Amino acid sequence: MYTSKEIIETINMVSRQHLDVRTITMGISLFDCITDSPTRTADKIYDKIMRKAGNLVSTGNAISAEIGVPIVNKRISVTPVSLVTAASKGHEQAIKALDKAAAETGIDFLGGYSALVHKGMTPYEREFIESIPHALASTAKICSSVNVASTKAGINMDAVAMCGKIIKQAALLTKDSDSSACTKLVVFANAVEDNPFMAGAFLGVGEADCVINVGVSGPGVVAAALKQCHGDLSEVAEVIKETAFKITRVGQLVAKEASKRLNAQFGIVDLSLAPTPAVGDSVAQILEEIGLESVGAYGTTATLAMLNDAVKKGGTMASSHVGGLSGAFIPVSEDAGMIAAAESGALTLEKLEAMTAVCSVGLDMIAIPGDVSEEIISAMIADEMSIGVINCKTTAVRVIPVYGKKAGDWATFGGLLGNAPIMEVNRKSPLKFISRGGRIPAPAHSLKN
């Protein structure tokens, strides 16, 4: 039961501080769509998505109107398509079915054109990964991810090398739109099975047939609360915890109601603070409210670590099931404060990499010069994967080599994806390292059985 005080606080958070539910994501298992026929598999995929998610958008809109909280995106995630189409080799037909279903349901994004190759690749998985650039360039709403590393398995460097290549290919295929296909592709270490956020969402093999996962937002709410906090860092952490609790309560309410109305299992609430390009809805602003002149200054990693920890502590008390990534996102193009810091030179790629050791994801929505080589991109991925593997956490890379643009230029992606200055990249060559291939072994602390 919500008290009148909580209701008033929620109204203020929505009207003045950019609180929203970032996404209702319906996860749909496609295992029962597997056949040995590409056409039949594609037909079953389309039919099941339409049957389960046909009312997802209208239901989300109805809940939003009733409780007075914006629900910005309605999304679908599916079983990794490389698993579903392995028997039929039907990924080309599957992408058409997914694209058609995404258009007809009216959702914003559909995630799961994905492969899990953290320890090795079958011949078909190689073929599937090679299809990703065309799949993303030829569709508007389909998102893709590749899990190339895990703490248990180590890093599959053959897959890492492939990902550098497909990122460059996707960028080239969409060079007329600032290489926008790359905004829909994420490379993971330790990918989670219940992530509601794009572009990395897919429904894991351990999940139910149909689930509802909700991702909340609220950087503006946390920043507003910290403006009133004049105490020491212990008090700052308490304010963040209390605010995260209130934000997550809204997500819990939406998740339970959506699950009931859509006849789906309640999965999780993801606690991640997801920023937007709107001024006042920025994770960078939170760190600056804590005491930094600019994000990127010394102290940025420490303040981000405290923020992430306090968000988790507050949010876990507000929801019966917490999952996904749960923490703070630091996408450059989607955060007004990050954009400003990158433009001024205060925030560099090297500092962003350090921050990923303590945040929810990794190098996210970073625009780089279009002439950066595929092996440099692969090495960026390898560095980020090593942070995830060694620290037993999820990390990811979503970089956009923008064809025809150089450091200091701008890339525009639109909507929640925002825009970003092109950031310079260290051009020293890692070609010999990437060309070796093979696997980087799992760390010793992976042997916990």
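Keep in mind it's a predicted model, so treat the numbers as computed, not measured.
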Which pair of non-hydrogen atoms, one from [X] and one from [Y], has the smallest distance, and what is that distance?
X: Gly60; Y: Ile24; result: CA-CD1, 4.1 Å
X: Ala310; Y: Lys241; result: O-CG, 3.3 Å
X: Ala153; Y: Ala442; result: C-CB, 3.8 Å
X: His134; Y: Ser138; result: O-OG, 2.7 Å
X: Leu271; Y: Thr316; result: CD1-N, 3.9 Å
X: Thr23; Y: Pro196; result: CG2-O, 3.6 Å

Just checking, is any N or O donor in the side chain of [X] or [Y] under 3.5 Å from an acceptor N or O on the other one?
X: Asn147; Y: Ser114; value: no
X: Thr174; Y: Ser179; value: no
X: Glu384; Y: Thr356; value: yes
X: Ser217; Y: Arg22; value: yes

For [Y], is there any backbone N or O sitting under 3.5 Å from a side-chain donor or acceptor partner on [X]?
X: Asp36; Y: Ala87; result: no
X: Glu207; Y: Gly204; result: no
X: Ser144; Y: Tyr113; result: yes
X: Lys141; Y: Leu110; result: no
X: Asn156; Y: Val117; result: yes
X: Ser319; Y: Val269; result: no
X: Lys100; Y: Tyr46; result: no
X: Thr79; Y: Leu30; result: yes
X: Lys48; Y: Asp43; result: no
X: Thr85; Y: Gly90; result: no

Check against side chain to side chain donor-acceptor pair (under 3.5 Å), Thr35 and Thr41: CA-CA 5 Å; Thr35 77; Thr41 298; 2.7 Å; yes
Quick test of your reading of the model: are [X] and [Y] salt-bridged, counting only N-O distances below 4.0 Å?
X: Asp158; Y: Arg439; value: no
X: Glu242; Y: Arg249; value: no
X: Glu130; Y: Arg126; value: no
X: Lys74; Y: Asp108; value: no
X: Glu334; Y: Arg398; value: yes
X: Lys313; Y: Asp309; value: yes

To the closest 0.5 Å, what do you measure between [atom1] ([X]) and [atom2] ([Y])?
X: Ile212; Y: Asp194; atom1: CD1; atom2: CG; answer: 13.0 Å
X: Ile67; Y: Leu253; atom1: CD1; atom2: CG; answer: 5.0 Å
X: Ile28; Y: Arg51; atom1: CD1; atom2: CZ; answer: 9.0 Å
X: Phe329; Y: Phe197; atom1: CZ; atom2: CZ; answer: 4.5 Å
X: Ser320; Y: Lys256; atom1: OG; atom2: NZ; answer: 6.5 Å
X: Lys393; Y: Asn391; atom1: NZ; atom2: CG; answer: 7.0 Å

Using a 4.5 Å cut-off on heavy atoms from C-beta on, say whether the side chain of [Y] contacts that of [X].
X: Thr395; Y: Asn190; result: no
X: Leu233; Y: Thr303; result: no
X: Phe128; Y: Met121; result: no
X: Ser88; Y: Ser37; result: no
X: Leu352; Y: Asp364; result: no
X: Ile400; Y: Asp178; result: no
X: Asp270; Y: Asn213; result: no
X: Lys246; Y: Thr243; result: no

Check: Phe188 ring centroid to His118 ring centroid under 6.0 Å: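 Judged by ring-centre distance (under 6.0 Å), Phe188 and His118 do not meet the cut-off.
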Lys/Arg cation over aromatic Tyr124: Lys89, 6.0 Å, 45° cone: yes
Above 12 or not: heavy atoms from other molecules or residues under 6.0 Å from [atom1] of [X]?
X: Lys260; atom1: NZ; value: no
X: Lys152; atom1: NZ; value: yes
X: Lys312; atom1: NZ; value: yes
X: Met50; atom1: CE; value: yes
X: Lys351; atom1: NZ; value: yes
X: Glu92; atom1: CD; value: no

Side chain to side chain contact (heavy atoms under 4.5 Å, CB included) between Val397 and Ile377, intermediate numbers included: CA-CA 9 Å; Val397 172; Ile377 294 173; 5.8 Å; no
Worked verdict on Asp335 versus Ile330 for side chain to side chain contact (heavy atoms under 4.5 Å, CB included): CA-CA 7 Å; Asp335 186 309; Ile330 54 170; over 6 Å; no
Salt bridge (Lys or Arg N to Asp or Glu O under 4.0 Å) between Glu66 and Arg261, intermediate numbers included: CA-CA 13 Å; Glu66 289 173 24; Arg261 296 189 189 189; 2.5 Å; yes
Chi angles and distances behind the side chain to side chain contact (heavy atoms under 4.5 Å, CB included) call for Met26, Lys52: CA-CA 9 Å; Met26 175 180 279; Lys52 294 290 187 179; 4.0 Å; yes
Pair Val250-Val216, side chain to side chain contact (heavy atoms under 4.5 Å, CB included): steps then yes or no: CA-CA 8 Å; Val250 176; Val216 294; 5.7 Å; no
